[in-house]
There are 2 protein chains.
Amino acid sequence: MANNTNIKYSTKEKILKYAIKEFLEYGFYGARMQRIADKAKINKAMLFYYYKNKKQIYKEALISIFKTVIENLINISNEDVPIEDKIKEIIDIYADFATKNPDYLRLVQYEFSRGGKDFAKYNILKDISKSQFFPLNPDTGNIFKYFDKKMKSGEIRNINLAHLIISIAGQVMASFFARPLFETIGVYKSSDFDKFIKERKEFIVKLVLDGIKKK
Amino acid sequence: MANNTNIKYSTKEKILKYAIKEFLEYGFYGARMQRIADKAKINKAMLFYYYKNKKQIYKEALISIFKTVIENLINISNEDVPIEDKIKEIIDIYADFATKNPDYLRLVQYEFSRGGKDFAKYNILKDISKSQFFPLNPDTGNIFKYFDKKMKSGEIRNINLAHLIISIAGQVMASFFARPLFETIGVYKSSDFDKFIKERKEFIVKLVLDGIKKK
DNA sequence: TTATTAGTTAACCAATTGGTTAGTTAATTG
DNA sequence: CAATTAACTAACCAATTGGTTAACTAATAA
């Protein structure tokens with residue numbers, strides 16, 4: 001039985017789902033097994049029935065989240081649209097994912113704030129970073145190919161594409177990562193975060209476009 | 001006596017110093033009072049002699065760190081230098097501080113990953129964000145004044161300055177915040193982080209300059 | 001039907017935790 | 001000097017923690 005019936009598989013899934021919420025709220029050390037069980041409305045012993053220990057649950061949560069994040073940020077199309085549209089597409093994908101999955105982003109941030117110890121240890125990106133779609137892959141990444149063409153045709157000046165991608169992502173993600181700061185000092189009126197993000201997207205598009213186009 | 005002799009004051013200072021290291025390594029919940037005492041080579045009971053409890057030590061650590069961070073990132077001069085130099089100055093200040101204080105940045109990142117609960121609660125920026133030097137202060141911030149002048153003189157196009165500052169800071173800080181990612185996927189050759197930062201600084205200067213200058 | 005296996009549970013436990021206490025030593029003060 | 005206060009310590013403790021165990025139930029298979 002074990003792995004295939006609905007009920008039983010869903011218990012294992014539930015554990016991961018609520019464990020993620022717990023790790024997010026309290027971090028690895030602050031997370032409590034009992035609370036995960038309570039949230040999932042199951043007996044605590046089930047955690048140890050399906051997983052070896054706390055560390056392993058965290059590991060699987062990390063892997064699951066990073067895969068989701070990467071898979072979502074990777075979907076840059078291969079279409080040969082005007083640069084304006086391409087830049088917009090990239091920024092939209094990043095901002096939309098961050099908007100819809102604030103929790104996932106926060107766990108990434110948490111893991112990075114720990115120096116990414118487990119992130120490195122578990123070889124989470126081993127396969128995916130070699131994928132031909134991985135945006136930072138200089139040989140095959142779709143973004144690389146696209147901008148390479150635009151540089152050769154002279155539409156944009158010669159730039160380091162890894163830096164361009166980091167710059168775009170950095171500008172977008174900063175809006176989410178430093179949100180507590182912005183709210184505290186009142187960069188935008190409270191509850192106007194969405195409007196703030198919309199403005200930011202437009203600002204970044206224009207800054208980057210003007211920054212890379214040939215004069 | 002208490003507060004004024006060297007030896008005794010330095011015990012209290014030692015606690016904060018090593019508590020910061022501990023919080024950084026393990027987060028709030030993972031931090032152990034015994035380990036802080038061991039690191040500081042003092043008796044554990046001294047922690048409770050000088051501070052009410054663990055939470056208060058974290059609070060004071062946070063306040064101390066945020067003050068240092070802000071005070072360092074605030075020092076943008078009032079000088080009327082060419083835009084090239086001004087952009088460079090801002091980027092240098094951010095990158096240099098991040099390079100020299102990786103630990104501080106990581107605790108900021110950690111606190112933000114928790115949603116900045118304590119950051120908001122302790123009113124850490126209450127005073128400082130109203131300072132006339134605070135870069136995001138639109139009325140008096142030095143950066144605002146400088147760029148405002150450049151916009152009026154027509155050297156740069158009309159832009160939202162808060163967004164500009166966030167964009168610059170975001171691009172610089174991304175290099176440090178996402179370091180575990182960059183190292184895992186090999187964006188730069190290992191042990192070449194400094195070179196990578198130097199490249200990034202140059203890239204950002206050029207992108208931003210071309211992005212805001214009038215054609 | 002019966003045996004086997006998977007799923008689930010309550011009760012339990014050793015180890016660790018943040019925090020306290022009662023007392024000692026060292027410094028300051030009058 | 002004696003008296004007071006501050007700095008410091010070892011031993012302790014209640015509460016909590018991650019993890020185990022032995023027993024129970026429900027499903028599947030022969």
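Letters A, B, ... are given to chains in the order of the sequence lines, protein chains preceding strands, and every chain is numbered from 1. As the structure is a computational prediction, the values presented were derived from the model and not from experiment.
Dashed line: the shortest gap from a side-chain N or O of B:Thr11 to OP1 or OP2 of D:dC8 is under 4.0 Å.
Between B:Phe177 and A:Phe112, the ring center distance fails the sub-6.0 Å criterion.
By the 4.5 Å heavy-atom criterion applied to side chains, B:Phe97 and B:Ile93 are not counted as neighbours.
Atom CG in B:Asn43 sits about 14 Å away from atom P in C:dT20, given to the nearest Å. Separating the OH atom of B:Tyr51 from the P atom of D:dA7 is a distance of 13 Å, rounded to the nearest angstrom. Residue B:Leu47 contributes atom CG, which lies 13 Å from atom C1' of D:dT9 at whole-angstrom precision. Atom CD in A:Glu22 sits about 10 Å away from atom P in D:dT17, given to the nearest Å. If you measure from atom CD of B:Gln34 to atom P of C:dG19, you get 13 Å, rounded to the nearest angstrom. When the P atom of C:dG7 is taken as reference, atom OH of A:Tyr50 falls 4 Å away, rounded to whole Å. With rounding to whole Å, B:Arg32 atom CZ is found 11 Å from D:dT17 atom P. Taking atom CD of B:Glu13 as the reference point, atom P of D:dA7 lies 14 Å away to the nearest angstrom.
Here C:dT21 is the nucleotide among D:dG18, C:dT21, C:dT17 with the atom lying nearest to any side-chain atom of B:Ala45. Among the nucleotides D:dT9, D:dA6, C:dG19, the one closest to any side-chain atom of B:Tyr49 is D:dA6. Here the nucleotide nearest the side chain of B:Phe48, chosen from D:dA10, D:dT20, C:dG18, is C:dG18. The side chain of A:Met46 sits closest to C:dT8 out of D:dA10, D:dG18, C:dT8.
Using a cutoff of 4.0 Å between basic side-chain nitrogens and carboxylate oxygens, A:Lys201 and A:Asp92 are scored as salt-bridged. Using a 4.0 Å cut-off between a side-chain N of Lys or Arg and a carboxylate O of Asp or Glu, B:Lys39 and B:Glu25 qualify as a salt bridge.
When heavy atoms are screened at a 4.0 angstrom cut-off, B:Ala31 is found touching the sugar-phosphate backbone but no base atom.
The stretch residues 53-65 of chain B comes close to DNA chain C through B:Asn53, B:Lys54, each having a heavy atom under 4.0 Å from the strand.
For the 3.5 Å distance criterion, the side chains of A:Tyr188 and A:Glu199 fail to qualify, holding no donor opposite an acceptor.
Between B:Phe119 and B:Phe66, the ring planes lie tilted relative to each other; the angle falls in the 30° to 60° range.
Figure legend: cation-pi geometry between A:Arg114 and B:Tyr110 absent, as NZ or CZ is not positioned both under 6.0 Å from the six-membered ring centre and within 45° of its axis.
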Where do N or O atoms of nucleotides 12-14 of chain D meet protein N or O atoms at under 3.5 Å, pair by pair?
none

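The number of heavy-atom neighbours closer than 6.0 Å to NZ of A:Lys121, taken from other residues, nucleotides and ligands shown, is above 12.
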Mind running salt bridge (charged side-chain N to carboxylate O under 4.0 Å, His left out) on B:Lys44 and B:Asp38 for me, showing each step along the way? CA-CA 8 Å; B:Lys44 191 185 73 167; B:Asp38 292 347; over 6 Å; no

